[in-house]
2 protein chains.
Amino acid sequence: MARPARKDVEHLLPTPDRIVETATQLFLETGYAGTSMSALAKACGIQKASLYHHFESKEAVLFACFQTGFAETVERMRSAAERTDLSFQDRLPLVLDEVYAAIVSSGAGRMAPVVAETTGRIPEVAERFNDEFIEEMHEIFEVFARDGMEAGEFEPFDLGALDHALFGVPVNLTLCRSMFAKFPDLEERYAVETVKGQHLQILRKLLGLQG
Amino acid sequence: MARPARKDVEHLLPTPDRIVETATQLFLETGYAGTSMSALAKACGIQKASLYHHFESKEAVLFACFQTGFAETVERMRSAAERTDLSFQDRLPLVLDEVYAAIVSSGAGRMAPVVAETTGRIPEVAERFNDEFIEEMHEIFEVFARDGMEAGEFEPFDLGALDHALFGVPVNLTLCRSMFAKFPDLEERYAVETVKGQHLQILRKLLGLQG
DNA sequence: GTCTATACGCTGATAGAC
DNA sequence: GTCTATCAGCGTATAGAC
């Protein structure tokens, strides 16, 4: 009996990319330890042994998941922060858009719980996550905020505090959206655009842009 | 040959409590799926089979970890928020102390990544976490903030936004402290008291208490 | 590059002695 | 209540045909 034909979607990406994308999804849903190579193979529509043709181990798959997207994400945020054709306060919502893309919507930031889960046994993941993602994002925003203050567009405010105010809200949102992913009212209670709007209010008030 | 004497510390708590406490610690460090019953037994200083005398399954241990402390934590926050002998602005740091205790220092909030990891297969955990912890904390703060505004002590500000400003910062801090637990400079970069102080600045500014 | 088949340790869980 | 001994099944990973 012939093997049933695969769905077209499985051929949209070369196998290694498809594995990484599928693995990312599964790690997000059930964690690293909770995702078996068998489950990954099945979700990819290939046999388990074929995984080992592309990646030498499960850890290698994890590393590959963290190799993707950091640089692009950081560069998108940098571009928004350096839009010198705009005033600082006009750049603020653009920067915020990139922060939410990076952390909540499509982003690397959603992997934070997986980093927490694996940091004990695979510390390299946490190191890369910190060096290539977190530190970069913080630095870009710090420069942006300080320049805005020096230009007199933003009221002076503690840069460290501002940093927490910027990243805390979307990180909390991502975690809630992950914890309550199965709740039917998720999109109501934790709507990205709504929270982003409220977050912008917060930042504008802290930077003295109100009124 | 005689079995080596146990350390005194293992006898400070009755066995079921010791199991729950040890399991909480292990779940925090290596996740639910990443923590085996053998590892738990060894960390408790008992045999694996003895675990099953006290808990009928691994899931039962997880539930027990989430049964502990929610009510007390919520009540401590409520007490702080309802200190009618103090002004609203004097209550604010006390409320913040309880929020940090609940989420960062000793708290139930540190289990959020475990909730995220298990919500797909064990949705009851996420439901309890939401109903008995998150929702309660939000409601207490919302009442506190609204009453403070109505009393004229706080400037009016969007309550939803304020909510994100309150919980985002400590949730982000907890997650960072979990991800970078092995970093030698953890206590420098992510010191609880420092962040709490910066967080208080943020809230005071949003509530119009500056100056 | 994908498959079938398999090695073998570890998993959650149980039986039954003490 | 704790132990030793054991189970079936699943975990990661490999061998070798096509």
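Quick caveat, the model's predicted, so the values are computed rather than measured. Below, chains carry the letters A, B, ... as their sequence lines are ordered, and counting in each starts from 1. Below, all heavy atoms of this structure are taken into account, side chains as well, without hydrogens, waters or symmetry copies.
- Comparing A/Ala39 and B/Thr15 against DNA chain D, the residue whose closest nucleotide sits nearer the 5' end is B/Thr15.
- The distance from atom CZ of A/Phe55 to atom P of D/dT14 is 15 Å, rounded to the nearest whole Å.
- Closest to the side chain of A/Gln47, from the set D/dA13, C/dT4, C/dT11, is C/dT4.
- Checked against C/dT4, D/dA5, D/dT12, the side chain of A/Ser38 finds its nearest nucleotide in D/dT12.
- Using bins of under 30°, 30° to 60° and over 60° for the plane-to-plane angle, the ring pair B/Phe129/B/Phe66 lands in the perpendicular bin.
- Closest to the side chain of A/Met37, from the set D/dT12, C/dG1, C/dT4, is D/dT12.
- Ring geometry for A/Phe27 against A/Tyr32 counts as tilted: the plane angle lies between 30° and 60°, on a 0 to 90° scale.
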>> Could you go through B/Asn130 and B/Val115, starting from their C-alpha distance and side-chain angles, then the distance that decides it, and tell me whether this counts as side chain to side chain contact (heavy atoms under 4.5 Å, CB included)?
In response: CA-CA 10 Å; B/Asn130 179 66; B/Val115 176; over 6 Å; no
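- Between the side chain of B/Lys58 and the base of C/dT11, no donor-acceptor pair under 3.5 Å is found.
- When the nucleotides C/dA15, C/dT2, D/dT12 are ranked by their closest atom to the side chain of A/His53, C/dT2 comes out on top.
- Judged purely by atom type and a 3.5 angstrom limit, B/Arg83 has no side-chain atom pairing as donor or acceptor with the backbone of B/Arg91.
- What separates CG of B/Leu62 from C1' of C/dG12 is a distance of 15 Å, to the nearest Å.
- Between C/dT11 and B/Ser36, a contact under 4.0 Å exists linking OP1 or OP2 to a side-chain N or O.
- Rounded to whole angstrom, the span from the NZ atom of B/Lys42 across to the P atom of D/dC3 amounts to 14 Å.
- Regarding A/Ile122, its CD1 atom lies at a distance of 12 Å from the P atom of D/dT12, rounded to whole Å.
- Taking the six-membered ring for Trp and the full ring otherwise, the centers of B/Phe154 and B/Phe144 sit less than 6.0 Å from each other.
- Atoms CG (A/Leu51) and C1' (C/dT4) sit 15 Å apart, rounded to a whole Å.
- Between B/Ile46 atom CD1 and C/dC18 atom C1' the separation is 17 Å, expressed in whole Å.
- Candidate nucleotides C/dG1, D/dT2, C/dA13 were compared by shortest atom distance to the side chain of B/Ser50, and D/dT2 ranks first.
- Distance from the side chain of A/Tyr52 is smallest to D/dA13 among C/dT2, D/dA13, C/dC3.
- Distance A/Glu59 CD to D/dG11 P: 18 Å, rounded to the nearest Å.
- Between the CD atom of B/Glu56 and the C1' atom of C/dA13 there is a distance of 11 Å, given to the nearest Å.
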